[in-house]
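Treat the numbers as computed from the prediction; the structure is a model and nothing was measured.
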Amino acid sequence: MSVDVTTVLAGTSFPNPVFTASGCAAAGQELHQFFDVAGLGGVVTKSIMLNARSGRATPRMAETPSGMLNSIGLQGPGIEHFLDHDLPWLAERGARAVVSIAGGSVEDYALLASQLRGRPGVAMVEVNISCPNVEDRGQVFACDAKASSGVVNAVRKNTDAGIPVFAKLSPDVTDIVGIARSCVDAGADGLSMINTLLGMVIDTTTMRPALAGITGGLSGPAIRPVAVRCVWQVHQALPEVPILGMGGIRTGLDALEFLLAGASAVSIGTVVFGDPTAPVRILDELTRALEERGIERLRDVVGLAHRPPRTVVPEEPDPVGDDLPAAVVLDEPARAEVPS
Amino acid sequence: MSVDVTTVLAGTSFPNPVFTASGCAAAGQELHQFFDVAGLGGVVTKSIMLNARSGRATPRMAETPSGMLNSIGLQGPGIEHFLDHDLPWLAERGARAVVSIAGGSVEDYALLASQLRGRPGVAMVEVNISCPNVEDRGQVFACDAKASSGVVNAVRKNTDAGIPVFAKLSPDVTDIVGIARSCVDAGADGLSMINTLLGMVIDTTTMRPALAGITGGLSGPAIRPVAVRCVWQVHQALPEVPILGMGGIRTGLDALEFLLAGASAVSIGTVVFGDPTAPVRILDELTRALEERGIERLRDVVGLAHRPPRTVVPEEPDPVGDDLPAAVVLDEPARAEVPS
Amino acid sequence: MPLQVSGEVLSIKRVGAYQSLTVIAPGIPELTRPGHFLAVQVGGPESSMLLRRAFAIYAVKDRGVYGGTVEFVFAVHGKGTAWLSARRPQDKLDVVGPLGKPFRLPKAAVNVALVGGGYGSAPLLPLATALRERGCRVDVVLGAGSADRLFGRLEAKRIGSSIVVTTDDGSTGQRGRVSDVLPAVLEKNATDVVYACGPMAMLKAVAEQCAERGIPCQVAVEESMACGIGVCMTCVLPVVGSDGLTRMVRSCVEGPVFLGDRVRWDEVGTVPADAVGAPGGPR
Amino acid sequence: MPLQVSGEVLSIKRVGAYQSLTVIAPGIPELTRPGHFLAVQVGGPESSMLLRRAFAIYAVKDRGVYGGTVEFVFAVHGKGTAWLSARRPQDKLDVVGPLGKPFRLPKAAVNVALVGGGYGSAPLLPLATALRERGCRVDVVLGAGSADRLFGRLEAKRIGSSIVVTTDDGSTGQRGRVSDVLPAVLEKNATDVVYACGPMAMLKAVAEQCAERGIPCQVAVEESMACGIGVCMTCVLPVVGSDGLTRMVRSCVEGPVFLGDRVRWDEVGTVPADAVGAPGGPR
Ligand SMILES: Cc1cc2nc3c(=O)[nH]c(=O)nc-3n(C[C@H](O)[C@H](O)[C@H](O)COP(=O)(O)OP(=O)(O)OC[C@H]3O[C@@H](n4cnc5c(N)ncnc54)[C@H](O)[C@@H]3O)c2cc1C
Ligand SMILES: Cc1cc2nc3c(=O)[nH]c(=O)nc-3n(C[C@H](O)[C@H](O)[C@H](O)COP(=O)(O)OP(=O)(O)OC[C@H]3O[C@@H](n4cnc5c(N)ncnc54)[C@H](O)[C@@H]3O)c2cc1C
Ligand SMILES: Cc1cc2nc3c(=O)[nH]c(=O)nc-3n(C[C@H](O)[C@H](O)[C@H](O)COP(=O)(O)O)c2cc1C
Ligand SMILES: Cc1cc2nc3c(=O)[nH]c(=O)nc-3n(C[C@H](O)[C@H](O)[C@H](O)COP(=O)(O)O)c2cc1C
Ligand code: FES
Ligand code: FES
């Protein structure tokens, strides 16, 4: 049996659901040394800002149990350089670029989006709203529903109609469903989640914060349960909204976990640092996992874990009735209690 | 050199800063098989409720990368049984009981606190506010400043004057400093942090949530960077408020990290499951770490990582000037940039 | 009174589909009774796996050349047991034990049947020896999915008064389940007491067959455990107490051995509505 | 063009305070030049350590009985190197390499001085061989904290035209630092080019001494790296470009070898105010 792994995000088709994660794959060139980045679902670029930016002082990273902290400070060459060099490189190779943009004000985001208009190779725009709002005492956009929707609205308005705009949510909020709803109401076609959790390490030798930036973003498998929970909650509340899921995905089964929770595609971030070929391995493992479970189309597992065990039926009436994977039709007493 | 490891939490002295964590040591009896629980700073009990409670269905746990999820549902025998059996047992052995209480309404908490009045052995009360408020559509108290302060206020009012009341904060909020402030304003003598992060695992074989309760609390070393960040932020904002720090402490150096961030004592939780003697080992490792750093009194490192490297001076004028640990007087260029 | 021992692997060997690992863990053998279990740290100091793995104790030696040793038998199931299966002699292994409540032995020399499923026979073999020493007749029923998943068949043959073997695939013994053959065994040998260890479904079937016949039985259950020492409350199942009330009890300290007729088998994995502390239930 | 190779440990041995590990990693030797480094996965499949560790490549063999091998020398520093030091022949070891920009070699047969601190001499030894093959004079200065932290002294003696050794504690060679003896070496041998590898403080001193004398020098820096392949931006330091502008450049892909006079040594660890993209700086 061969599995149909294509996926659709807000009307745009992708050949498979495995993407890179913003800030963990630069703009694709480096990983292309290890595998063909056009073979991925999409390449999510490092968040691009209007101007060149030096980022923060070093140390910028600390390894933590099953994770890491980073405090890069969005170092990058600015959108012009990106449009002149990185985007054409991706387009030439047939890679689908998901351009992540970041700014300090609603206007920044609007300008960035309008600069992406009509550019070949842009498959999608991801709005990194985990940035401090310079106009509001450095409050992070993603932590406030109104600020988030202001940014998303501006980006949606300035983006080509056929290009999906995904808002990237932060888990560091009391009510992620509320923020998700605001973003969708403001025009987001989908949601990327999750960004890193705010964390910190203190160096017990120097007895000072380990990062020059003091706090940093926690990523990696350590945060996976938080990410899966966020995807689950938002898919539960907004089942029609496509989700690009991420946070600590290391294996094909981890990717499957996100799909089952409600993501239509996944991004592979931190794990790439330790395993540069991880995205292709994960796609492979995921495909095999679906095959083993007798699933013919990846789309069929999106959000599957939400459905009560007994009500899962094949979408087309199945006269034979036994090619339904045994695992789907559960009937152990241990599961009967699961609240819905 | 011998290190003075005593610590003071809101006027109450403890012989050392290593406590158990609520829900990870029952009421002390089981760990007493491995070491004398009276040798700990304190024994934080499993959160006690008014009545017996059966908890949630199983499965109640899932192992995650460097952590675990739990969904126990506060199973316990209720306060009466606790007062009749567990508290006297702790008191007889000379252990300092930090009684954690949990309820579904402000009144529950008030009743629990009043029942603890005048009971020998109670060294401190920890208020677990990460419980659903039955009077407010199951909203978790800890996620709302007003709800938190209502509970804390009621507990403080009903607790003996000499007994510190600590509010235990959840990290699942946008603004932990705001919640901390409300609790302190409402009468909390100190803060315990952090409780678990809301997480979830999906079993890729059954393709259903791994826990019967669907979501669960994430704990263990995976969350340590989030916990240290919370302690840091709250100590920064409220330097006079004592903190009982916890979240993934596995070694003496981990404990030191919390002290440097601003905690005056620490709780050891999940790690005890894999290493029942961890609390005594950690106290030992911490004491040695302080010794190696030339620190004479544990109190002197509380919050030390907040002070700019150059301004650290011994509290008493030091004529010789060279028994100050080299690590404290930093002067590497790499550190000069640290924002304060 | 369990001990935490920083032990060392003495030997590890394949036994059919299982591995048998012997660890040097002084102090533990003296305290161990059949039915006790061991909790083993896995993955090494920088492992992402925090929790111990539980294994029934198979054999102990009070003192050998190396001090006391403890042997357990395991199947590779997930990450932790995969790591265990790669241990070699002299590797460090931190173990806690003996844990739990062991099997209670009959005072008199009665007729006993032991029912083991898969590696569940491991704790029954030392039990068989103890029972024989008390003069009991010991009939053994062993079942497994296939021949390579039967553990201790020869040893059972040697110790037991009789032995019946079943496999799901019929690769050896009778094709079927232990519950297919148990009634005949109980009848033929006028069994007074039954002990069982194996998968939950098997324990349930055995407990029901015993209940029908009024034969007391003790079963060793296997619930997912985070701590193994009674502090975490993850390992509970609904059990009826001597006062007739159902409680969610910890299988690590109040079990893993329970009286078969006390477990609410149909409600394992749930909180029965009449359990103490259940929403709306007794307090 | 680096490769990711699921390799196998061929051998591991103590060398003074260090360990030298040889891994079978076909394909990597052919691509390696002196100054390249290797990124090694640590901790095994269930490890809590996600990030690779970087090590300068010491020696490579294009093809042996086992296929190509790569050797590196390391000090036990923290958890990852502690794990590495416990590897044994036949253990699996996943490596990525060769990474970074290697040392650039002079076209002509000039006089070269190599300055190594601690294990920093490891990449300099194959460089020395390459330079000798081009007919260069190669003078070597090795320094370390103590005698056991000198690496490759005998080999350097064999390859080099001269060798001077310093140790901080005077346990061998001259007591002091390499920078105490380097000026004399440069003068005596009319050095044209310097190559250095070692701690940042040493590299800074060497670069300054070379700058004073107008001697071009190349240094291999050691910055904390999360990915080693250029995608994470953690390993940056301020470097002046050929256009005179300072940028925060990635030491894993644009280094680890830099021209000594291009690194803003006093501002390593900071973002200089005049760096491209610095707050208020050039864009
Ligand atoms: C009292 C008791 C006695 C046992 N005796 C034996 C024995 O003699 N031989 C044997 O092979 N196995 C035995 N088991 C089961 C054994 O503990 C599990 O197979 C093992 O924990 C699986 O670990 P893993 O890392 O391979 O699997 P993973 O799935 O990676 O484990 C993840 C987590 O779930 C827990 N877990 C997973 N499966 C089980 C299970 N079946 N029971 C309990 N916890 C589980 C693990 O302990 C771990 O915390 C026993 C279990 C209990 C509770
Ligand atoms: C290009 C390059 C070449 C190197 N060559 C050698 C060599 O030949 N021999 C040798 O012994 N060491 C070398 N190092 C240093 C070596 O990478 C570190 O000692 C090692 O990463 C420490 O890992 P750990 O797990 O023991 O320490 P931990 O402190 O547990 O490491 C935690 C994290 O910090 C990083 N880290 C810690 N110290 C350093 C450091 N000094 N440099 C870079 N990253 C660090 C680790 O990679 C890891 O990600 C080199 C480093 C770089 C960047
Ligand atoms: C070094 C690093 C840099 C990152 N930079 C960005 C970024 O520029 N924009 C963004 O939206 N997310 C950024 N992220 C977050 C990741 O895209 C991802 O959301 C997060 O790391 C969780 O996924 P992971 O656990 O797979 O890494 C960065 C993460 C890391 C580790
Ligand atoms: C199994 C389990 C049960 C817990 N029960 C409680 C509880 O009853 N009350 C409470 O305040 N915290 C409870 N906690 C949270 C811990 O006290 C602690 O705040 C958290 O686990 C973080 O610390 P750790 O990473 O060291 O475990 C529980 C944690 C675990 C793992
Ligand atoms: S496993 Fe923790 S209480 Fe039983
Ligand atoms: S280490 Fe990741 S960019 Fe250099």
Side-chain angles (χ1 to χ4, degrees), chain A residues 56-59 62 64-67 69 143-144 172-175 197-202 204-209 212-216 218 220-226 228-229 232-233 248 250 253-254 256-258 260-261 289 293 301 304-305 309 325 327-328 330 332 334-335 337-339, chain B residues 57-59 62 64-67 69 143-144 172-175 197-202 204-209 212-216 218 220-229 232-233 248 250 253-254 256-258 260-261 289 293 301 304-305 309 325 327-328 330 332 334-335 337-339:
Chain A
R56 296 224 180 79
T58 55
T64 69
S66 297
L69 281 185
C143 290
D144 181 68
D172 288 330
V173 295
T174 310
D175 175 19
L197 279 79
L198 195 66
M200 177 171 183
V201 165
I202 294 174
T204 51
T205 304
T206 64
M207 304 207 271
R208 299 276 310 142
I214 299 190
T215 57
L218 182 63
I223 68 166
R224 194 166 62 230
V226 173
V228 172
R229 182 264 299 174
W232 171 278
Q233 288 180 322
R250 192 171 69 85
L253 291 181
D254 298 342
L256 178 57
E257 221 185 313
F258 279 81
L260 291 166
R293 284 159 183 73
V301 300
L304 190 67
V328 179
L330 272 185
E332 310 163 7
R335 300 294 172 176
E337 277 285 280
V338 175
Chain B
T58 54
T64 69
S66 297
L69 281 184
C143 290
D144 180 70
D172 290 329
V173 295
T174 311
D175 175 20
L197 279 80
L198 194 65
M200 176 168 183
V201 165
I202 294 174
T204 51
T205 302
T206 64
M207 304 208 270
R208 299 276 310 142
I214 299 189
T215 57
L218 181 64
I223 69 167
R224 194 165 64 231
V226 173
V228 171
R229 181 264 299 177
W232 171 277
Q233 287 180 323
R250 193 171 68 85
L253 290 181
D254 297 342
L256 178 57
E257 220 185 314
F258 279 81
L260 291 165
R293 284 159 184 73
V301 299
L304 190 67
V328 178
L330 271 187
E332 310 162 6
R335 299 295 172 178
E337 278 285 279
V338 176

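Remark: side-chain polar atoms of A:T204 are not paired, donor with acceptor, to backbone N or O of B:E257 under 3.5 angstrom.
Within the 4.5 angstrom heavy-atom criterion, only side-chain atoms of B:L197, from C-beta onward, approach chain A.
Remark: of the listed residues B:D254, B:L253, B:V228, B:V228 is the sole one forming a side-chain contact (heavy atoms from CB on, under 4.5 Å) with A:I202.
To the nearest 0.5 Å, atoms CG (A:D172) and CG (B:D172) are separated by 9.5 Å. In this structure, CG on B:L198 lies 4.5 Å from CZ on A:R229, to the nearest 0.5 angstrom. Remark: B:L256 CG to A:T205 OG1 distance equals 9.5 Å, nearest 0.5 Å.
For chain A, the option among B:A222, B:S66, B:G67 with the highest count of heavy-atom pairs below 4.5 Å is B:S66. Contact count versus chain B (heavy atoms, under 4.5 Å) is highest, among A:L69, A:L218, A:V301, for A:L218. No other option in B:I223, B:T174, B:V173, B:T64 has as many heavy-atom pairs under 4.5 Å with chain A as B:T174.
Heavy-atom minimum distance, A:A305 versus B:P209: O-CD, 3.7 Å.
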